[in-house]
> 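Got a structure for you, questions after.
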Number of protein chains: 2
Amino acid sequence: MAKSSAKPKLEASRPEESDVLIPAAFRNVLGYHLRVAQEASFQAFSTAVDKADLKPGWYSILTILSEYDGLTPSELSRVCGRDRSTLTATLKGLAIRGMIERQQNPDDQRSYSVRLTDEGRRMQARLHAIARKHDRRLDEIVGEDKAALIAILARIVNSLGNG
Amino acid sequence: MAKSSAKPKLEASRPEESDVLIPAAFRNVLGYHLRVAQEASFQAFSTAVDKADLKPGWYSILTILSEYDGLTPSELSRVCGRDRSTLTATLKGLAIRGMIERQQNPDDQRSYSVRLTDEGRRMQARLHAIARKHDRRLDEIVGEDKAALIAILARIVNSLGNG
DNA sequence: ACCAAAAATTTTGTCATCAAACTATCTTGC
DNA sequence: GCAAGATAGTTTGATGACAAAATTTTTGGT
């Protein structure tokens, strides 16, 4: 299966004029564009989630749990890429609202595993619907370049993270 | 010179294996990859800046000012894409450290313009050196796809921002 | 001249993030 | 079996972000 995967091309169309002034010092800086695009994307998602009176931070955790139920906070932290201490408050919020349950690990008193409740599963589904809508919007904007874009972004993560 | 600008291709190489587990639900989600990549990039920059005992948040403001001296906080807010209220604390910090000066607008008592001091200019240069090093690292990772990548990211910003 | 509306900035409140310090528990070496 | 070190989770403190409300000043209409 040599070269099995197609090689998507990125058409570098003429940059659209935006209503926002970009300082010359940033115009050619990847980090800047990366940041601005991510913030725009997150903001759009966040707004949609807010309208449903939910918290955007819940989505990733509930979704990871719906896939890998029973992770410990530390494992969860590794999977979702947040510091352990960041999760403490979110997990507390989710527990208070009855979306997760903590179950003591009988072999290690320090540790517990986190499980979704039925309520948590329902909430995950609601958030997932919003997320999918947002994704489709992004997909439409990016178009055929999606796979290539994801590959580059993953390369950035791996290179900066491990190299 | 038809087709004067080359059309960079994105080689979608086989995704490198990373040491981090990516949940299946996120594997194909642009927003997720965008976020993770941006965080990796910012983290790398932040670490470098920290080593020099500086604040990453200063860089964008000082750089914008070095290009457009004398902006008001509101204008600055628009250019750097942050909420006006976010700038208050940073500007205060920069003023305390003598990197900027506030100059009352004689025609409008509510408003003032922000100017770099010599100290601020020196600080901007130091931060800029760090930023350039970081940029070069990103450029190396992204390679020939840079222009195409920036174009897509800008498209995301414009579409989500105005659409 | 006055009063209402708009505008520029700051203040306040909430949230997410990391790093460092802390507590409790487990594991290991001796 | 015990002390030293590692690990799990939480707490605390700093940063930086937004939104909403408050403040001050300007502008506009009558």
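Every value quoted in this text rests on a predicted model; they were computed, and no experiment measured them.
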> Regarding A/Gly81, tell me which of base, sugar-phosphate or nothing describes its non-hydrogen contacts under 4.0 Å with the strands shown.
sugar-phosphate

> Do B/Gln124 and B/Thr63 have a side chain donor and acceptor closer than 3.5 Å?
yes

> In this structure, how many angstroms lie between the P atom of C/dT17 and the CG atom of A/Leu76, rounded?
12 Å

> Do the side-chain N or O atoms of B/Ser111 get closer than 4.0 angstrom to the phosphate oxygens (OP1, OP2) of C/dT9?
yes

> Could you tell me whether the phosphate oxygens of D/dC18, OP1 or OP2, come under 4.0 Å of any side-chain nitrogen or oxygen in A/Ser46?
no

> In plain terms, say whether B/Arg82 and A/Glu39 are close enough for a salt bridge, that is, a side-chain N and a carboxylate O under 4.0 Å apart.
yes

> Does B/Arg136 pair with B/Glu140 as a salt bridge, N-O distance under 4.0 Å?
no

> If you draw a 6.0 Å radius around CZ in A/Arg115, do more than 12 non-hydrogen atoms from other residues or ligands fall strictly inside?
yes

> Looking for any heavy atom pair under 4.0 Å, which part of the strands does A/Thr90 touch: base, sugar-phosphate only, or nothing?
nothing

> Less than 3.5 Å apart, any donor N or O on the side chain of A/Ser41 or A/His134 sitting next to an acceptor on the other?
yes

> Could you state the CZ-P distance from A/Arg35 to D/dG16, rounded to the nearest angstrom?
9 Å

> Using whole Å, what does the distance between atom C1' of nucleotide D/dA6 and atom CG of A/Asp108 come to?
12 Å

> Can you tell me if B/Arg82 touches the phosphate of D/dA17, counting only side-chain N or O atoms and a distance under 4.0 Å to OP1 or OP2?
yes

> Are OP1 or OP2 of C/dT10 and a side-chain N or O of B/Arg102 less than 4.0 angstrom apart?
yes

> What's the spacing between B/Leu76 CG and B/Leu65 CG if we round to 0.5 Å?
5.0 Å

> According to a strict under-4.0 Å criterion, is A/Arg78 in side-chain N/O contact with OP1 or OP2 of D/dT7?
no

> Which sits closer to the 5' end of DNA chain C, B/Leu91 or A/Asp83, going by the nucleotide each is nearest to?
B/Leu91

> Kindly say if B/Tyr112 contacts the phosphate of C/dT10, meaning a side-chain N or O under 4.0 Å from OP1 or OP2.
yes

> Can you tell me the distance, in whole Å, between the CZ atom of A/Arg84 and the P atom of D/dT11?
14 Å

> Could you tell me whether the phosphate oxygens of C/dT9, OP1 or OP2, come under 4.0 Å of any side-chain nitrogen or oxygen in B/Thr88?
no

> Measure NZ/A/Lys92 against P/D/dT10 and give the value in whole Å, please.
8 Å

> Kindly point out which of C/dA8, D/dA6, C/dT17 is positioned nearest to the side chain of B/Arg110?
C/dA8

> Atom CD1 of A/Ile100 and atom P of D/dG9: how far apart are they, to the nearest Å?
12 Å

> Could you tell me whether the phosphate oxygens of D/dT12, OP1 or OP2, come under 4.0 Å of any side-chain nitrogen or oxygen in A/Ser85?
no

> Using whole Å, report how far CD of B/Gln109 lies from C1' of D/dT25.
8 Å

> Can you tell me if A/Gln43 touches the phosphate of D/dA19, counting only side-chain N or O atoms and a distance under 4.0 Å to OP1 or OP2?
yes

> Check the distance between C/dA19's C1' and B/Lys55's NZ and give it to me in whole angstrom.
12 Å

